[in-house]
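Working notes, beginning with the structure itself.
All of these numbers come straight from a predicted model, not from anything done at the bench. Just the heavy atoms: all of them, side chains too, but no hydrogens, waters or symmetry mates, feed the values below.
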There are 2 protein chains.
Amino acid sequence: MDVFVAGGYTTKFGELWNIDFRQLGVEAAIGAVKDASLELEDIDAIYVGNMGASRFAGQDHIGALFASELGLDCPAFHIEGACASGGLAFRSALLDLLSGSSKNVLVLGVEKMTDVGISTATTALAGASDEEWEAFYGVTFPSLYAMIAREHMRLYGTTREQLASVAVKNHSNGSKNPNAQYRNKLTIEQVLHSSMVSDPLTLMDCSPISDGASAVVISSSTKSNVKVIGSGHAQDSLALHDRDDITTIKATRKASEIAFKQSGINHKDIDLIEVHDCFTIAEICAIEDLGFVEKGMGGSYSENGNTQLDGELPVNSSGGLKAAGHPVGATGIKQIVEIYHQMKGNAGERQVKNVRYGLTHNVGGSGATSVVHIFENIRR
Amino acid sequence: MDVFVAGGYTTKFGELWNIDFRQLGVEAAIGAVKDASLELEDIDAIYVGNMGASRFAGQDHIGALFASELGLDCPAFHIEGACASGGLAFRSALLDLLSGSSKNVLVLGVEKMTDVGISTATTALAGASDEEWEAFYGVTFPSLYAMIAREHMRLYGTTREQLASVAVKNHSNGSKNPNAQYRNKLTIEQVLHSSMVSDPLTLMDCSPISDGASAVVISSSTKSNVKVIGSGHAQDSLALHDRDDITTIKATRKASEIAFKQSGINHKDIDLIEVHDCFTIAEICAIEDLGFVEKGMGGSYSENGNTQLDGELPVNSSGGLKAAGHPVGATGIKQIVEIYHQMKGNAGERQVKNVRYGLTHNVGGSGATSVVHIFENIRR
């Protein structure tokens with residue numbers, strides 16, 4: 001069965017004080033349905049990716065909430081997989097289409113993190129780690145990724161300047177994305193000298209707390225030039241300390257292998273990737289674990305400009321989580337909308353030329369969940 | 001494609017002070033895999049139904065948690081739909097099988113509600129209602145269902161004795177279920193004179209706060225005598241006040257119609273049903289909205305003994321949510337395990353004779369989500 005991304009829409013990401021959780025989701029949902037030239041009643045099922053509304057907004061039952069807000073009575077699911085909630089919602093929707101149960105499925109990723117309700121953002125996010133063996137003892141996400149960064153430095157000689165080059169490149173891309181949370185450019189010096197969060201990661205090595213929503217309609221009946229040709233999803237241990245090598249996310253390796261095998265294409269065919277850069281080190285590990293760069297070489301590969309918009313392998317043309325923002329449940333869908341816009345030729349100042357194949361990579365926690373999708377531009 | 005329930009397992013339900021959230025889930029998961037005569041490595045995907053671990057245990061990323069605890073790296077999803085989380089997880093797993101992506105899927109429902117973490121159980125459960133328009137103003141679930149009961153009394157002359165008859169019957173069934181939270185029998189008088197919770201619902205009209213887990217393995221390759229022949233899922237407005245008639249759950253009507261159409265059988269063919277009796281009034285509405293009893297006649301139908309184990313239509317042989325307990329995410333799966341045990345002839349003292357067709361009905365919130373499954377015993 002051929003499955004297409006029939007429509008996509010991303011709201012502005014940022015600290016959005018004047019728009020609430022449900023308004024954000026509705027804006028993206030209606031935007032994606034309109035972009036697909038469909039009516040709401042054409043939608044057969046709804047998948048909502050969200051991690052934290054239970055704690056941020058005191059609201060569970062998120063699938064029902066958005067079906068209700070959109071006036072639909074079709075099946076609605078809430079899919080949670082920490083920061084990979086969006087990617088998992090997309091994969092669930094894909095399985096629904098492949099089962100033949102639905103023809104047009106709305107996939108919505110949404111998170112409102114700056115109105116803090118029942119717990120702080122840092123505490124809520126720590127729920128993505130192993131609560132009993134990590135969060136309970138005070139581990140936070142910056143500290144988990146700082147350990148990964150330290151080990152990557154020890155094993156491969158990765159430098160703080162190389163980490164910083166990821167942030168500099170992503171802010172440069174973000175400056176060209178009107179929906180990005182941060183549109184200011186950065187220098188290596190600014191990254192190195194911003195406040196230390198968890199050594200060696202400074203504030204500018206970290207993605208922000210964000211509000212935002214992103215939605216796609218995927219379809220087996222409504223065609224577009226953006227076809228889904230590969231889907232891989234795998235798990236690793238929830239706790240970082242249970243892994244043989246904390247610089248390698250095995251789930252990403254496995255998910256990538258499955259997605260590439262399904263797609264029938266090779267790494268060299270890929271023109272553009274959106275990866276999960278929750279911290280600068282995460283982007284370096286991602287390009288390695290996805291198989292684009294030899295293990296240990298991600299830092300120098302980035303520093304040498306290969307991942308820039310005009311480089312060998314443009315990475316995170318949207319600005320990534322770092323500059324575009326990271327409203328957790330929305331991130332995995334925003335990555336797909338970015339590939340969709342690039343393949344439609346609607347990416348404005350950040351347009352990459354001749355995108356035939358694109359890949360998205362969405363991670364939950366410190367790598368316990370990884371989901372990879374590959375897309376083909378069939379009209380190129 | 002033929003899909004079978006290849007194995008099932010339910011833990012003891014109750015206030016389980018000496019067993020934690022992850023132990024509960026692991027016990028049920030391993031129990032179901034063993035019951036299917038499979039090994040853990042035969043499992044291709046994991047779907048976990050859970051509503052409240054984020055607030056009860058400070059733990060999100062539940063799919064990854066249980067994959068990690070079971071030592072598996074296959075795809076794992078956390079599916080949330082309030083009290084229908086279990087039913088939705090089962091439906092998601094079914095779509096996964098029908099897509100051809102998996103052959104053996106583990107579906108785990110789990111909830112640990114008595115170790116209260118970030119918010120109280122009542123507050124956490126209110127997240128299943130419309131937070132902005134219901135919970136925020138102090139509405140709780142007993143009060144929502146009390147309004148439904150009052151209106152059912154006004155429209156159809158339903159009596160408190162009729163409501164009480166549901167609790168009496170479910171406690172009688174629960175007394176025969178070794179895993180039930182409450183195994184004491186009740187009288188009508190005891191229900192009527194227990195503490196008033198929300199007029200007209202007394203404490204004995206309400207299902208309890210519970211810990212427990214239940215799991216099934218569903219399969220397209222591992223056969224059993226229990227075949228899935230219908231799946232329906234629909235939504236209604238999240239808030240009760242947005243409905244034309246609060247005594248009718250439209251989502252249940254639609255889900256039931258879809259499931260029956262898919263199954264090719266009629267209401268008269270059904271030998272046993274497990275319905276969502278979070279409150280006694282909910283069971284009365286359920287047998288009406290599912291189409292077994294004319295609207296308004298559910299109260300007298302129950303009072304006259306038709307829903308007892310030896311009645312015309314045995315309802316909730318497990319003891320239902322009322323007596324067996326209601327660990328939210330586990331409930332939808334426990335219902336399916338009950339039908340499975342009945343069809344296997346393993347239901348002990350509560351065995352219903354000659355069960356050929358069975359139905360499960362799982363509701364989220366005050367009826368915003370409803371999911372119905374129909375099963376056939378092909379070896380009868």
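One finds the CG atom of B:L72 at 13.0 Å from the OG atom of A:S237 (value rounded to the nearest 0.5 Å). Between the CZ atom in A:R22 and the CH2 atom in B:W133 there is a gap of 8.5 Å [rounded to 0.5 Å]. If you take CZ on B:F56 and OG on A:S54, they are separated by 9.0 Å, rounding to the nearest 0.5 Å. Between atom CG of residue B:L238 and atom CG of residue A:L65 there is a gap of 5.5 Å, rounded to the nearest 0.5 Å.
Between the side chain of B:R55 and the backbone N or O of A:R55 there is no donor-acceptor pair closer than 3.5 Å. With hydrogens and angles disregarded, no donor-acceptor distance shorter than 3.5 Å links the side chain of A:E80 to the backbone of B:I79. Put simply, the side chain of A:E131 never gets that close to the backbone of B:G58: no donor and acceptor are under 3.5 Å apart. A side-chain donor-acceptor contact under 3.5 Å links B:Q235 to the backbone of A:A76.
Among the candidates B:L125, B:L95, B:V48, B:L98, the residue making the largest number of heavy-atom pairs closer than 4.5 Å to chain A is B:L95. Each of A:I62, A:I46, A:I258, A:L88 has some count of heavy-atom pairs under 4.5 Å with chain B, and the biggest count is that of A:L88. Of the residues considered (B:S92, B:P75, B:S68, B:A64), B:P75 shows the highest number of contacts with chain A, using heavy-atom pairs under 4.5 Å. With chain A as partner, the option from B:M1, B:Q59, B:M51, B:K254 having the largest number of non-hydrogen pairs under 4.5 angstrom is B:Q59. Top candidate by heavy-atom pairs under 4.5 Å with chain A, chosen from B:S231, B:A45, B:C74, B:G63, is B:C74.
Looking at B:F66, there are no atoms closer than 4.5 Å to chain A (heavy atoms on both sides), in backbone or side chain. Of the atoms belonging to A:L94, not a single heavy atom falls under 4.5 Å from chain B. Interface remark: B:N50 contributes no atoms to any contact with chain A (heavy atom separation under 4.5 Å). At a 4.5 Å heavy-atom cutoff, the contact between A:S129 and chain B is made by backbone atoms alone. B:L97 does not touch chain A: none of its heavy atoms, backbone or side chain, sits under 4.5 Å away. The part of B:A67 that comes within reach of chain A is its side chain, from C-beta onward, which places non-hydrogen atoms under 4.5 angstrom from that chain.
Inter-residue side-chain proximity for B:H233 and A:F77 is flagged as met; some heavy-atom pair is nearer than 4.5 Å. For the pair A:D20 and B:E132, the minimum side-chain heavy-atom distance is below 4.5 Å. The closest side-chain heavy-atom distance from B:T369 to A:H78 is not below 4.5 Å.
Residue B:H61 comes nearest to A:A128 through the heavy atom pair ND1-O, 2.9 Å, listed as atom of the first residue, atom of the second, then distance.
Annotation: A:D245, atom CG; neighbour count of heavy atoms from other residues, nucleotides and ligands within 6.0 Å is above 12.
With respect to A:K250 and B:D73, no salt bridge is recorded, no charged nitrogen being found less than 4.0 Å from a carboxylate O.
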- request: Applying salt bridge (Lys or Arg N to Asp or Glu O under 4.0 Å), run through B:R91 and A:D96 and close with a yes or a no.
  value: CA-CA 10 Å; B:R91 183 174 161 87; A:D96 190 329; 5.6 Å; no

